[in-house]
Amino acid sequence: RVGRMTPANVLACDVDTLRECGLSRQKAAYVLDLAAHFADGRINTRKWAREDDEIIINELVAVKGVGRWTAEMFLMFYLMRPNVLPVDDLGLIRGTEKLYFKGRKCLDRKKMHAFGQRWQPWSTVATWYLWRALEAVPQD
């Protein structure tokens, strides 16, 4: 039993203990690396309110198992940052193609970045709407 979920308590566990909680060996290693980042101060959430998005993304992607897309989702949904454009997100790309290009598959990461500049400073909100554009609409 770990008790309260703190970085120190997580670090007191080994991979096998975390596996008993249902994590794969790889995910257990990721959780331990994340806890280590918090424990040694490489991730300091107290300064995030005044930090630029890219600085936070760089801190997060330094953790094993956390990529840019995951960091961007964290910015959008946890930190509620209004201007995140996750250009690696297939839903964003497909939603944009559906609404702006009649469904033609024509956007790659670079083109999506350039096209998405029109939504600043509200790229997060645009992304939410573009995701919704892909949802199935009930037919009567």
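We use all heavy atoms of the structure for the numbers below, so side chains are in, but hydrogens, waters and symmetry mates are not. Numbers here are sequence positions counted from 1.
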In short, Q117 meets H113 closest at the heavy-atom pair NE2-O, 2.8 Å
Practice problem: Report yes or no: does E72 contribute a side-chain atom to a donor-acceptor pair with the main-chain N or O of V84 at less than 3.5 Å? | Solution: no
Problem set entry | Short N-O contact, E54 and R68, less than 4.0 angstrom | yes
When every non-hydrogen atom of G116 is compared with those of L85, the smallest separation belongs to CA-CD2, 3.7 Å
Is a donor on one side and an acceptor on the other found under 3.5 Å between the side chain of T124 and the backbone of M76? no
Examine Y78 and I56 and state if one hydrophobic cluster contains both, with Ile, Leu, Val, Met, Phe, Trp and Tyr joined whenever side-chain heavy atoms are less than 4.5 Å apart.
yes
Open item on the list: Closer than 3.5 angstrom, by distance alone: can the side chain of K98 be matched with the main-chain N or O of L134 as a donor-acceptor pair?
Closed with: no
Do P82 and V125 have side chains that get closer than 4.5 Å, going by heavy atoms?
no
message: A side-chain contact here means heavy atoms from C-beta on lying under 4.5 Å apart; do N44 and F38 qualify?
response: no
Consider only side-chain heavy atoms of I, L, V, M, F, W and Y, link residues closer than 4.5 Å, and tell whether L90 and V87 are in one cluster. no
Taken to the nearest 0.5 Å, the spacing of T70 OG1 from I57 CD1 works out to 11.0 Å
Heavy-atom nearest pair, H37 first then D40, reads O-OD1, 3.2 Å
Smallest heavy-atom separation, V66 atom then A71 atom, equals CG1-N, 4.3 Å
Worksheet entry | Single-linkage hydrophobic cluster, 4.5 Å side-chain cutoff, L18 and Y30 together | no
Nearest heavy-atom contact between R25 and R19 is N-NH1, 3.0 Å
> Would you say W131 has more than 12 foreign heavy atoms packed within less than 6.0 Å of its CH2?
Replying inline: yes
Here the gap from L34 atom CG to K27 atom NZ, rounded to the nearest 0.5 Å, amounts to 14.0 Å
Any donor-acceptor pair under 3.5 Å from D33 side chain to K64 backbone:
yes
- Task: Taking atom OH of Y129 as the centre, report whether more than 12 heavy atoms of other residues, nucleotides or ligands fall under 6.0 Å from it.
- Result: no
State plainly whether one hydrophobic cluster holds both L32 and V61, where clusters connect Ile, Leu, Val, Met, Phe, Trp and Tyr through side-chain heavy atoms under 4.5 angstrom apart.
no
Between the CG atom in D53 and the CG atom in L79, the distance rounded to the nearest 0.5 Å is 8.0 Å
Note: N9 and R4 closest approach over all heavy atoms is ND2-O, 2.7 Å
For residues 106-127, the salt bridge (charged side-chain N to carboxylate O under 4.0 Å, His left out) pairs (sequence neighbours left out) are D88-R109
| Heavy-atom donor-acceptor pair, E97 side chain to C106 backbone, under 3.5 Å | yes
Taken in chain and number order and not counting sequence neighbours, the residues that satisfy side-chain contact (heavy atoms from CB on, under 4.5 Å) with L130 are L92, T96, L99, Y100, W119
Hey, do the aromatic rings of W48 and F74 have their centres closer than 6.0 Å? yes
query: Would you find a donor on one side and an acceptor on the other, under 3.5 Å apart, between the side chain of T17 and the backbone of C13?
result: no
Test salt bridge (charged side-chain N to carboxylate O under 4.0 Å, His left out) on R81 and E51; report intermediate values, then the result. CA-CA 11 Å; R81 295 295 178 101; E51 290 284 8; over 6 Å; no
Check your understanding: Are a donor atom and an acceptor atom from the side chains of D89 and W69 found within less than 3.5 Å of each other?
Key -> yes
Group every Ile, Leu, Val, Met, Phe, Trp and Tyr by side-chain heavy-atom contacts under 4.5 Å, then state whether M112 and W122 land in the same group. yes
